[in-house]
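These notes are about the structure you will find just below.
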Amino acid sequence: MTTEPRRLRNYINGEFRDAADGRTTDVVDPATGEVYATAPLSGPADVDAAMAAAEAAFPAWRDLVPAERQKALLKIADAVEARAEELIAVESENTGKPLALTRSEEVPPMVDQIRFFAGAARLLEGRAAGEYMEGMTSIVRREPVGVCAQVAPWNYPMMMAVWKFAPALAAGNTVVLKPSDTTPASTVLLAEIIGGVLDELGHPKGVFNVICGDRDTGRLMVEHPVPAMASITGSVRAGMQVAETASRDLKRVHLELGGKAPVVVFDDADLAKAVEDIAVAGYFNAGQDCTAATRVLVHSSVHDEFVTALAKAAADTKTGLPDDEDVLYGPLNNANQLAQVKGFIERLPAHAKVETGGHQVGEKGYFFAPTVVTGLRQDDEAIQKEIFGPVITVQSFTDEDEAVALANGVEYALASSVWTKDHGRAMRMSKRLDFGCVWINTHIPLVAEMPHGGFKKSGYGKDLSAYGFEDYTRIKHVMTSLG
């Protein structure tokens, strides 16, 4: 007996709808490679409807006192927490992620992040008021920007949706959010949860909208005249296209793009701890993380020892089905991503060596073995380009200057880490590394209070923190005569 695929729908103006022209796309479970749902392939009519709903809802949502927006976000956080098991099950099917890790590593931070931005809602204020010209008082108003067109990625579809909508709603904006066409299911469930809370509290129907679709749908959102801001987490290519499109009518743009994080291990580091932590930070989520610890630079005096230990740790790392509690990561997200990772390995130069892994696992789904590659040179493709898979490369260096040159010698600048017992060296490296985040003797932890975002081709703007909140606001100067 064949099970009929689940039918996902857009959420526009407080109701679930099919695409206006009835088009759909198949949604594939990456753990099995089988279609489990269909989702709308939204076109111009759907984008128009969602933008119209968000535009109509904006004045009332903007004019709420901050305490009311905070109340809504806190209730959303409570509802997400209460329906955690549903979200975990849907996200696991959405992405193939291990259930246990989704439960421990994604839902708790998501709930915490929504609550953080609920608090931020009450800090929508200007910095100063005073007399800077005789007979005049100046004040600064901080206001929401308007309707936000947001595009979330497939590597963390549920959590990245939170990173998008929570600061935007907290600041008083309304939202049209598009999930990736390969992972729409958890975002559609979030729409049900968020919509239910907003309805219960009597807020306008169009405050939060979700439309499913492909890159053409995203392009239509960015081109649309209504949004004041476009926010995307995705590839460099996608980010550049969004920035170019948004420039035509000078939309504000928020971009969190790729990464190629250097992990700089000095000879005085605790190698056992470094190997253990780097293996987890490199292979977590199948390496499909812009901050993943996948480009390791090791002092030449401990290079061979480190590689031997890392290869063993990689060989001991398990990938497998979502319900296996003993696996660190699941499949790659889709067939194209599997082909991309395999392509990097197939194109390795003759001077490179695969220490372990380097192959697909099983014949069903998109699983790839934890892999370690050595012998690469700085200008090799696997060093310069984002693999976005469970592949860790290891290079060697001889001193701090060379480590900095190798670390900074890529076009990405999102995250990095330094492993050393020398405090002065750690501080020097944290100053010289040209990345938006520098971890010391750890790699990958994130907290709601601290900003996440990069430089160069990793994009601009910040997620999380008060800085991320401010990105969704604009500043107005008001001057009044005292005469």
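Computation of the quantities below employed the complete heavy-atom set of this structure, encompassing side-chain atoms and omitting hydrogens, waters and symmetry-equivalent molecules. All residue numbers in this chain count up from 1 along the given sequence.
No hydrogens or angles considered: nothing links the side chains of D26 and T38 as a donor-acceptor pair under 3.5 Å. Using a 3.5 Å distance cut-off with no hydrogens or angles, the side chains of N285 and Q288 do not pair a donor with an acceptor. No side-chain donor from either of T183 and N94 sits under 3.5 Å from a side-chain acceptor of the other. In summary, the side chains of T473 and R142 do present a donor paired with an acceptor at a separation below 3.5 Å, with no hydrogens or angles considered. At a cut-off of 3.5 Å, with distance as the only test, no side-chain donor of D181 or T25 sits close to an acceptor on the other residue.
Although no hydrogens or angles enter the test, the distance criterion places no donor-acceptor pair under 3.5 Å between the side chain of T317 and the main chain of P370. The backbone N or O of A152 sits nowhere less than 3.5 Å from a side-chain atom of T233 that would complete a donor-acceptor pair. For S92 (side chain) and I88 (main-chain N/O), no donor-acceptor pair under 3.5 Å exists by modelled atom type. In terms of modelled atom types and a separation under 3.5 Å, the side chain of N13 and the main chain of A53 share no donor-acceptor contact. With hydrogens and angles disregarded, a donor-acceptor distance shorter than 3.5 Å links the side chain of D324 to the backbone of D326. Remark: the backbone N or O of T291 is paired with a side-chain donor or acceptor of H443 at under 3.5 angstrom. With hydrogens and angles ignored, the 3.5 Å screen pairs no side-chain donor or acceptor of T442 with any backbone N or O of W439. Judged by distance alone, with hydrogens and angles left aside, the side-chain atoms of R295 form a donor-acceptor pair with the main-chain N or O of K260 at under 3.5 Å. Checked by atom type and distance alone, the side chain of R62 never pairs as donor or acceptor with a backbone atom of G172 at under 3.5 Å. Of the possible donor and acceptor atoms, none in the side chain of K456 sits under 3.5 Å from a partner among the backbone N and O of D434.
Not a single side chain to side chain donor-acceptor pair (under 3.5 Å) links Q337 to another residue, sequence neighbours left out. Residues passing the side chain to side chain donor-acceptor pair (under 3.5 Å) test with K462: none are found, sequence neighbours excluded. In terms of the side chain to side chain donor-acceptor pair (under 3.5 Å) criterion, residue partners of R122 (sequence neighbours excluded) are, by chain and number, Q70.
With contacts defined as side-chain heavy-atom distances shorter than 4.5 Å, the pair E346/K342 qualifies. Taking the side chain as every heavy atom from C-beta outward, R7 and T24 never approach each other to under 4.5 Å. Looking at V210 and N10, their side chains never come closer than 4.5 Å, going by heavy atoms from C-beta outward. By the 4.5 Å heavy-atom criterion applied to side chains, D199 and K205 are counted as neighbours. Side-chain contact between I114 and V162: present, with at least one pair of heavy atoms (C-beta onward) separated by less than 4.5 Å. Counting heavy atoms from C-beta on, the side chains of R215 and R237 come closer than 4.5 Å. Residues L124 and F469 have side chains in contact (heavy-atom distance under 4.5 Å, counting atoms from C-beta outward). Proximity of E411 to Q384: side-chain heavy atoms (C-beta onward) are nowhere separated by under 4.5 Å.
Side-chain rings of Y460 and H254 stay apart, their centers remaining 6.0 Å or farther from each other. Here F388 and W154 bring their ring centres to under 6.0 angstrom of each other. The aromatic ring centres of F165 and F208 sit less than 6.0 Å apart.
Under the 6.0 Å distance and 45° angle rule, R9 does not count as a cation-pi partner of Y11.
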### Query
Where do K457 and E386 land on the salt bridge (Lys or Arg N to Asp or Glu O under 4.0 Å) test, with the steps shown first?
CA-CA 11 Å; K457 286 192 176 178; E386 189 173 30; over 6 Å; no

### Task
Quick one: do D46 and R23 satisfy salt bridge (Lys or Arg N to Asp or Glu O under 4.0 Å)? Show the steps, please.
CA-CA 11 Å; D46 308 297; R23 290 186 303 160; over 6 Å; no

### Intermediate values then yes/no, salt bridge (Lys or Arg N to Asp or Glu O under 4.0 Å), E85 and R83
CA-CA 6 Å; E85 289 304 314; R83 298 183 66 175; over 6 Å; no

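Between F368 and H359, the angle of the ring planes lies from 30° to 60°, which puts this pair in the tilted group.
A salt bridge links R6 with E93; the closest basic N to acidic carboxylate O contact falls under 4.0 Å. R219 has a carboxylate O that lies under 4.0 Å from a charged side-chain N of E223, or vice versa, which qualifies the two as a salt bridge.
For the side chain to side chain contact (heavy atoms under 4.5 Å, CB included) with P390, the lone residue among T294, L328, T371, L332 that qualifies is L332. Checking each of Q150, E256, R252, K164 against S231 for a side-chain hydrogen bond (donor to acceptor under 3.5 Å, both in side chains) leaves exactly one that passes, namely K164.
Summarising the geometry of P157 relative to T187, their closest heavy-atom pair is O-OG1, 4.1 Å, with the distance given to 0.1 Å. Smallest separation of non-hydrogen atoms from A77 and R115: CB-CG, 3.6 Å. Here the closest heavy-atom approach between residue S416 and residue F435 is recorded as OG-CB, 3.7 Å. Nearest approach of A72 to W61, heavy atoms of both residues: CB-CH2, 4.0 Å. V361 and A369 make their closest contact through CG2-N, 3.5 Å (heavy atoms, listed as atom of the first residue, atom of the second, distance). The two atoms that bring I392 and G282 nearest to each other are CD1-CA, 4.0 Å, heavy atoms only.
The CG atom of L41 lies 8.0 Å from the CG atom of D216; values are rounded to the nearest 0.5 Å. The OG atom of S465 sits 6.5 Å away from the CZ atom of F117 when rounded to the nearest 0.5 Å.
With a 6.0 Å radius and a threshold of 12 heavy atoms from other residues, nucleotides or ligands, Y467 has its OH atom at or below the threshold.
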